[in-house]
Amino acid sequence: MRGSTMSSHPSSLRQSRISVKAALHSEREAPGLRLCGWVRTLRHGKETTFLELNDGSCLASLQVVVEAASPAAAEVAGIGTGACLEVTGDLVPSPAAGQRWELRATAIRLLGGADADYPLQKKRHSLEFLRSIAHLRPRSNTFGALFRVRNALAFAVHCFFQERGFLYVQTPIITANDCEGAGEMFRVTTLDPLAPPLHDGAVDWGQDFFGEKTGLTVSGQLQAELFATAFGDVYTFGPTFRAENSNTSRHVAEFWMIEPEMAFADLSDDCALAEEFLRYMVRHALEHCAEDLAFFNDRIEPGLIGKLEQLVRSEFRTLTYTEAVDLLRKSGESFSFPLGWGLDLQSEHERFLTEKIVGGPVFVTDYPAEIKAFYMRQNDDGRTVAAMDLLVPRVGEIIGGSQREERLDFLRRRMAELGIAPESLSWYLDIRRWGSCPHAGFGLGFERLLMYVTGMENIRDVIPFPRTPGNAKF
RNA sequence: UCCCCAGUAGCUCAGUCGGUAGAGCAGGUGGCUGUUAACCACCGGGUCCGUGGUUCGAGUCCGCGCUGGGGAGCCA
């Protein structure tokens, strides 16, 4: 730092400041504390002004008491909700109900004012409105709680895998595979959109930056498989992109996916890992995010904590696809979509399975080969593959995985049936050619996990700045 | 992309049979009060999403469009 104009520069603030969370957890009175944060609400009186200061360190705000006689009073005279303050004062037991500690201000400095147009008011706002002010919604109770839980679970993902010896691999964001069948890709190109080079009337992708047609990844799985055949157990955790024109509460164009891949593992190992993973995430949230989860339990999904505690204790059910279809048939429920062996389970079927028949998470395994991807291992019955979906109430499919086809001839035959050119995936086939091994993995949508853990019902409300068709604001 | 619903003050909403706009919160002023979604009184605040039509007259009825939400498909 240089220059006398920086005498009140932020670094000195930073060194002396303590968080609201630390203040609220204090064991004793503490004079001369300094805090910085944003005013959630304030109540002016003749003798006293009360304001609630929140700095995102926890859900609760700290009540700051400003006596009219104090020099701090002048500074808060004209401020409104949303203003940013530096507050110095003494932490003392609060004489009134509602909070254990409060800060009696001795000095206040306005760092950033907020006028009456500040959109976040001290009232309940709709999630739709908050979505339209995504740059400000982290300052609300719901989104404050949400992004603290998101942070805790992102960290827990790494803890879980690192504790078990999985290698974290960063698979590419830009990729040339477009035959995975996982969804439409966003195109990545440096060609002039108004005058692309042409060859035989079509765009000549050979002249593009990478010398071939490329896009943003729809899955890191194929590359994770390559690493699994060198390191055994690996995982990815990164952004994933789908250019589908999906308009639902469960889909976004950019999301974060967790994809473990295990060598020397079959489908039951895969299910076991998924179950252990989900239980670990939920236990981590219960242990580290108690205050925020209590908020979600009260305001977002009544019974949420009970549901999560139940999940930690119970074993997940597993049904084969064939059993699931039978159970749905025998349920007597009338569905609007047809049900039959060989047909894909519709959302209404999946929801009925997990919410009504099982009443909790359920694996559905061994789907007909025709409705699943080319890389899934073919079962001995000749008509099903070793696939699994994990379904949970309210969210639906949260995990999709499989044992991979490790037998070169089986994989080649399946690709030929589906018209996938072997040259385009020669490296993928090479893994089966030299030192192939049984392996399995799954993909888990991080945002869907957050929906399940917090009870939030729209995926756009569990990611900082959601990307959906027609919307890439912020 | 398809089906359904909605759009009125900064926010949440009401608005009857088609007759020209209302409340609470927020803001301003004053009062009162260890308050805590504070309270009381008064004041300011409107492109009724846009556009075209029906009508003497449209927030209200009809067409088209835009935006948002719910559901479906695709999936994580």
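Below, read A as the first sequence line, B as the second, and so on, with proteins coming before strands; counting in each chain starts at 1. Note that the structure is a prediction, hence the values are computed from the model and not measured.
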Open item on the list: With a 3.5 Å limit on both atom pairs, tell me what B:U12 is paired to, counting Watson-Crick and G-U wobble, or say none.
Closed with: B:A23
Open item on the list: Does A:His125 contact B:C11 through a side-chain donor or acceptor facing the base, at a distance under 3.5 Å?
Closed with: no
Open item on the list: Can you check the distance between B:A23 and B:A14, where both ends of the measurement are the C1' atom (answer in whole Å)?
Closed with: 7 Å
Open item on the list: Output the rounded distance in Å from CZ (A:Arg40) to P (B:C25).
Closed with: 21 Å
TODO: Using a heavy-atom cut-off of under 4.0 Å over every strand shown, decide if A:Thr41 touches base, sugar-phosphate, or nothing.
DONE: sugar-phosphate
Open item on the list: Under 3.5 Å for both donor-acceptor distances, Watson-Crick or wobble: does B:G44 have a partner, and if so which one?
Closed with: none
Task: Closest-nucleotide 5' rank along RNA chain B - winner of A:Asp389 and A:Thr48 - done: A:Thr48
- [ ] Find the distance A:Phe129:CZ to B:G7:P and express it as a whole number of Å.
- [x] 17 Å
Task: Residue A:Ala96, side-chain atoms from C-beta onward, closest of B:U35, B:G69, B:G73 - done: B:U35
TODO: Considering just the side-chain nitrogens and oxygens of A:Arg460, establish if one lies under 4.0 Å of OP1 or OP2 belonging to B:G69.
DONE: yes
TODO: Using the C1' atoms only, state how far B:U1 lies from B:C11, rounded to an integer number of Å.
DONE: 33 Å
Task: Sidechain-backbone polar pair: A:Glu184 side chain, A:Ala243 backbone, donor-acceptor under 3.5 Å - done: no
TODO: Go through B:A76, B:G70, B:G69 for me and flag the one nearest to the A:Ser249 side chain.
DONE: B:G70
Task: A:Arg250 vs B:A72: side-chain N/O to OP1/OP2 distance below 4.0 Å - done: yes
TODO: Could you tell me whether the phosphate oxygens of B:G69, OP1 or OP2, come under 4.0 Å of any side-chain nitrogen or oxygen in A:Asn247?
DONE: no
Task: Carboxylate-amine/guanidinium contact A:Lys356 A:Glu333, below 4.0 Å - done: no
Open item on the list: If you compare every side-chain N and O of A:Thr240 against the phosphate oxygens of B:C75 (OP1, OP2), does one of them come in below 4.0 Å?
Closed with: no
Open item on the list: Strictly distance-based, threshold 3.5 Å: is any side-chain N or O of A:Arg283 a donor or acceptor partner for the main-chain N or O of A:Val312?
Closed with: no
TODO: Determine the Euclidean distance between corresponding P atoms of B:G69 and B:G27; express it in Å to zero decimal places.
DONE: 28 Å
Open item on the list: Treating A:Asp292 as the side-chain partner and A:Ala294 as the backbone partner, does any N or O pair qualify as donor plus acceptor under 3.5 Å?
Closed with: no
- [ ] Return yes if the base of B:C74 and the side-chain atoms of A:Ser246 contain a donor-acceptor N/O pair under 3.5 Å, otherwise no.
- [x] yes
Task: A:Arg351 side-chain N/O to B:A72 phosphate OP1/OP2 under 4.0 Å - done: yes
Task: Distance-only donor-acceptor test, A:Gln121 side-chain atoms vs B:G10 base atoms, 3.5 Å - done: yes
Open item on the list: Distance alone, cut at 3.5 Å: any donor-acceptor contact between the side chains of A:Thr41 and A:Glu52?
Closed with: no
Task: Spacing of the C1' atoms in B:A6 and B:C43 (rounded, Å) - done: 33 Å
Open item on the list: So, does A:Thr49 get its side chain near the phosphate of B:U35, meaning an N or O under 4.0 Å from OP1 or OP2?
Closed with: no
Open item on the list: Rounded to whole Å, how long is the line connecting atom CD1 of A:Ile371 with atom P of B:G73?
Closed with: 13 Å
TODO: Please measure how far the C1' atom in B:G63 lies from the corresponding atom in B:G24, and state the result in whole Å.
DONE: 36 Å
Open item on the list: Return the CE to CG distance between A:Met281 and A:Leu444, rounded to the nearest 0.5 Å.
Closed with: 8.5 Å
- [ ] Would you mind reading off the distance between A:Asp298 atom CG and B:A37 atom P, rounded to a whole angstrom?
- [x] 14 Å
- [ ] Provide the Watson-Crick or G-U wobble partner of B:C2, both distances under 3.5 Å; none if there is no partner.
- [x] B:G71
TODO: Determine the interatomic distance between C1' on B:C4 and the same-named atom on B:A76; round to the nearest Å.
DONE: 26 Å
Task: Nucleotide forming a Watson-Crick or wobble pair with B:G57, both distances under 3.5 Å - done: none
Open item on the list: Please classify the nucleic acid contact of A:Ile399 as base, sugar-phosphate, or nothing, using heavy-atom distances under 4.0 Å.
Closed with: sugar-phosphate
Task: Flag for A:Asn458-A:Ser249: side-chain donor and acceptor within less than 3.5 Å - done: no
Open item on the list: Please name the nucleotide paired to B:A38 by Watson-Crick or G-U wobble geometry with both distances under 3.5 Å, or report none.
Closed with: none
Task: Pairing partner (Watson-Crick or G-U wobble, both distances under 3.5 angstrom) of B:G63 - done: B:U51
TODO: Name the closest nucleotide to the A:Ile459 side chain, picking from B:C74, B:A76, B:U1.
DONE: B:A76
Task: Whole-Å gap separating P (B:A76) and CG (A:Asp270) - done: 13 Å
- [ ] May I ask whether A:Phe446 stacks on the base of B:A76, given the cut-offs of 5.5 Å between ring centres and 30° between planes?
- [x] no
Open item on the list: Heavy atoms only, 4.0 Å cut-off, all strands: where does A:Pro119 land among base, sugar-phosphate and nothing?
Closed with: nothing
Task: Separation of B:U35 C1' from A:Glu47 CD (nearest whole Å) - done: 13 Å
TODO: Would you kindly check whether a donor in the side chain of A:Gln99 faces an acceptor in the base of B:U35, or vice versa, at under 3.5 angstrom?
DONE: yes
Open item on the list: We want to know whether A:Thr171 and A:Gln223 form a side-chain donor-acceptor pair, criterion being a heavy-atom distance below 3.5 angstrom.
Closed with: no
Task: d(CD1, A:Ile79; P, B:G27) in whole Å - done: 11 Å
Open item on the list: Using a heavy-atom cut-off of 4.0 Å across all strands, would you classify A:Ile258 as base, sugar-phosphate, or nothing?
Closed with: nothing
Open item on the list: Can you tell me the base-pairing partner of B:U33? Count Watson-Crick or G-U wobble geometry only, both distances below 3.5 Å, and say none if there is no partner.
Closed with: none
Open item on the list: Does a side-chain N or O of A:Thr248 approach OP1 or OP2 of B:G70 to a distance below 4.0 Å, or not?
Closed with: no
Open item on the list: Categorize A:Glu128 for me: base, sugar-phosphate, or nothing, with a 4.0 angstrom heavy-atom threshold over every strand shown.
Closed with: sugar-phosphate
Open item on the list: Taking B:U47 as the reference, what is the distance to B:U51 when you measure between their C1' atoms (whole Å, please)?
Closed with: 13 Å
Open item on the list: Quick check on side-chain hydrogen bond (donor to acceptor under 3.5 Å, both in side chains): which of A:Arg164, A:Glu259, A:Gln162 does A:Tyr235 satisfy it with?
Closed with: A:Gln162
TODO: Check every strand shown and say whether A:Phe337 touches a base, only sugar-phosphate, or nothing at a heavy-atom separation below 4.0 Å.
DONE: sugar-phosphate
Open item on the list: When the C1' atoms of B:U8 and B:U12 are compared, how many Å lie between them, rounded to an integer?
Closed with: 12 Å
Task: Nearest-nucleotide comparison on RNA chain B, the residue closer to the 5′ end among A:Glu397 and A:Asn471 - done: A:Asn471
Open item on the list: Rounding to an integer number of Å, can you tell me how far A:Arg43 CZ sits from B:C39 C1'?
Closed with: 12 Å
